[in-house]
There are 2 protein chains.
Amino acid sequence: MPRHADPALPQRRRSQILEAARACFRERGFRDATIEEICAEARISPGALYRYFDSKADIVAAIALDARAEAEAALDRLSSEDRLLDGLAEMARAFFEAFDGDSDAALLSDIWAEAARDPVLAKALRARDRIAAGRVAAAIERAQAAGAAYPAFAPADAAEALLAALEGLALRRALWAEADIGDAVRRYRALALHILKPKR
Amino acid sequence: MPRHADPALPQRRRSQILEAARACFRERGFRDATIEEICAEARISPGALYRYFDSKADIVAAIALDARAEAEAALDRLSSEDRLLDGLAEMARAFFEAFDGDSDAALLSDIWAEAARDPVLAKALRARDRIAAGRVAAAIERAQAAGAAYPAFAPADAAEALLAALEGLALRRALWAEADIGDAVRRYRALALHILKPKR
DNA sequence: ACCTGAACACCGTTCAAGT
DNA sequence: ACCTGAACACCGTTCAAGT
């Protein structure tokens, strides 16, 4: 019998809890889902749960980062995409989709609300945002250098504006159950067009 | 002795409670402030408080709408301001200022989080947003008609983008305690410039 | 070493009783 | 008609006891 029965257990337990929590949050939202429910879903006791997470907020933070990471995955394609607008539109679509529907709409705003009182989450979100902004800025810079976008708007500032607008639009869309996603993406594309004036 | 001792009492009590709540929320945030604290601050009992508000969320909603109304007051000046960019910059400044500092930063995100689970608040926010967007769009349209802004971007879409970007930037600023307000306003002005290309 | 689940602390909300 | 404040319900977290 080894001293540490299973060195991978902690990681497995964390995943198990996170998956259960995701299901509960989807169903009832961050605030309304209870630890008891998460425990039932994960088939674990409250005592055990607190062995792997410091608090409910801690679980929320882990899920929040995950959710955004998923939404930002489309950024990877921005680097290989030479049509800047298509890349941005795809990023917007992924983001809208990640926070679409009643259940996930609340997630987007809850992430910010949670970050407002959890400095660790705020810092992590900021780090993610910086990476995203850096990628968008790099893509814009390439387009400008290739003469494919007008050069007057500093890439970093344009990137910041594009991400902030996406956030604001996603919040509105999510909370007001607006139109279909395709429409929102089209409007975002128009915004990017007017900001960047790409030549192709 | 009149049957209704004081017909203005309900309104007075509501104000009294809201003012106390504002103070408590400022101090400890929506989530952490307790009804008991608000009652103490308002010198009223919990039972009496629930006579004038249905729930804590109800109080939160009232304050949330107030906070945004204050931030949007600068919109009134957009109509009389013939320099569009100055008007937008002023609107941005008011918005950034309304949600500045540790205590009020959380307010901005809490408003959205609360709206995500309170349809009444969501509807009210949306109505406000429509009014704001209408005013900005009207200002843009006037500038375009006067040949003072380039006409390619539909006023309504440009207005929506400008408001969404302001929301996103304010969230970032509020949570990440960024730079000074002047700097944020300058960047917002640059964004508006690149979106609208006004000719004066 | 890991887990259980009863117990604790806290807080939003209600309601029987007062004036 | 309006208010009080004790009581209730609920839920995040802890901890003594188990294996």
Side-chain angles (χ1 to χ4, degrees), chain A residues 1-18 20-25 27-64 106 110 113-114 117-118 120-121, chain B residues 1-18 20-25 27-64 106 110 113-114 117-118 120-121:
Chain A
M1 198 193 306
R3 231 180 276 190
H4 303 293
D6 181 357
L9 178 65
Q11 191 50 56
R12 255 195 9 252
R13 280 276 185 276
R14 277 184 66 97
S15 308
Q16 174 186 359
I17 292 164
L18 285 179
R22 220 182 319 267
C24 292
F25 290 154
E27 191 110 1
R28 309 226 294 130
F30 277 4
R31 177 178 298 189
D32 293 341
T34 69
I35 290 286
E36 201 181 18
E37 284 163 5
I38 296 172
C39 287
E41 180 78 23
R43 296 175 187 287
I44 206 174
S45 70
L49 185 148
Y50 279 90
R51 185 169 248 282
Y52 299 100
F53 290 93
D54 287 342
S55 64
K56 186 180 175 186
D58 196 19
I59 301 177
V60 162
I63 295 202
D110 275 333
E114 203 58 44
R117 43 184 69 80
D118 178 355
V120 176
L121 174 56
Chain B
M1 199 191 308
R3 232 180 274 193
H4 302 294
D6 180 357
L9 179 65
Q11 193 47 57
R12 252 191 18 246
R13 279 276 184 275
R14 277 184 67 96
S15 308
Q16 173 187 358
I17 292 164
L18 286 178
R22 218 181 320 267
C24 292
F25 290 153
E27 191 109 3
R28 311 227 293 130
F30 276 5
R31 178 178 298 188
D32 294 341
T34 69
I35 290 285
E36 200 182 18
E37 284 163 5
I38 296 172
C39 287
E41 181 78 24
R43 298 175 186 288
I44 206 173
S45 71
L49 184 148
Y50 279 89
R51 183 168 250 280
Y52 298 101
F53 290 93
D54 286 343
S55 64
K56 187 181 173 184
D58 196 19
I59 301 177
V60 162
I63 294 204
D110 276 333
E114 203 58 45
R117 42 185 68 81
D118 178 357
V120 176
L121 175 56

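Letters go in sequence order (proteins before strands), and every chain restarts at 1. None of these values were measured; they are calculated from a predicted model.
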Given protein heavy atoms under 4.0 Å, the one-letter contact record of nucleotides 14-19 of chain C, with B base, S sugar-phosphate only and - none, is simply BB----
B:Phe30 CZ to C:dG12 P: how many Å, rounded? 14 Å
Nearest heavy-atom pair of A:Pro7 and A:Pro10: which atoms, and what distance? O-CD, 3.5 Å
Would you mind reading off the distance between B:Glu36 atom CD and C:dC11 atom P, rounded to a whole angstrom? 8 Å
Check the distance between C:dC10's C1' and B:Arg28's CZ and give it to me in whole angstrom. 11 Å
Taking only Lys NZ, Arg NE, NH1 and NH2, and the carboxylate oxygens of Asp or Glu, determine whether B:Lys56 and B:Glu114 approach each other closer than 4.0 Å. no
Quick check on DNA chain D: between A:Arg31 and B:Leu9, whose nearest nucleotide comes earlier from the 5' end? B:Leu9
Using a 4.5 Å cut-off on heavy atoms from C-beta on, say whether the side chain of A:Arg51 contacts that of A:Ile17. no
Mind checking B:Arg13 for me? I need base, sugar-phosphate or nothing, with any heavy atom below 4.0 Å counting as a touch. sugar-phosphate
Pairs where residues 37-63 of chain A contributes a residue and the test ring pair (Phe, Tyr, Trp, His ring centres under 6.0 Å) is met, not counting sequence neighbours: none
Which ones in residues 55-64 of chain B lie close to DNA chain C, meaning a heavy atom under 4.0 Å from one of its atoms? B:Ser55, B:Lys56
Tell me the interatomic distance from A:Gln11, atom CD, to C:dA1, atom P, rounded to whole angstroms. 19 Å
What's the CZ-P distance between B:Arg117 and C:dG12, to the nearest Å? 15 Å
Would you mind reading off the distance between A:Leu49 atom CG and D:dG12 atom P, rounded to a whole angstrom? 10 Å
Base-paired stems in DNA chain D, each at least three Watson-Crick or G-U pairs under 3.5 Å: C:4-8 with D:12-16, C:12-16 with D:4-8
Counting any heavy atom closer than 4.0 Å, what does A:Tyr52 reach on the DNA or RNA strands: base, sugar-phosphate only, or nothing? sugar-phosphate
Show me the donor-acceptor pairs within less than 3.5 Å that the side chains of residues 37-49 of chain B make with the rest of the protein, sequence neighbours left out.
{"residue": "B:Glu37", "atom": "OE1", "partner": "B:Arg28", "partner atom": "NE", "Å": "3.3"}
{"residue": "B:Glu37", "atom": "OE1", "partner": "B:Thr34", "partner atom": "N", "Å": "3.1"}
{"residue": "B:Glu37", "atom": "OE2", "partner": "B:Arg28", "partner atom": "NE", "Å": "3.1"}
{"residue": "B:Glu37", "atom": "OE2", "partner": "B:Arg28", "partner atom": "NH2", "Å": "2.6"}
{"residue": "B:Ser45", "atom": "OG", "partner": "B:Ala48", "partner atom": "N", "Å": "3.3"}

Under-4.0 Å salt bridge between B:Asp6 and B:Arg13: no
Starting at CD of B:Glu37 and ending at P of C:dG12, how long is that distance when rounded to a whole Å? 8 Å
Can you tell me the distance, in whole Å, between the CZ atom of B:Arg14 and the C1' atom of D:dC2? 17 Å
Nearest 0.5 Å please: distance from the CD1 atom of A:Ile59 over to the CZ atom of A:Arg14. 9.0 Å
For A:Ser55, which residues count as a side-chain contact (heavy atoms from CB on, under 4.5 Å) partner, sequence neighbours excluded? A:Ala57, A:Asp58
By the 4.0 Å heavy-atom rule, please label B:Thr34 as base, sugar-phosphate, or nothing. sugar-phosphate
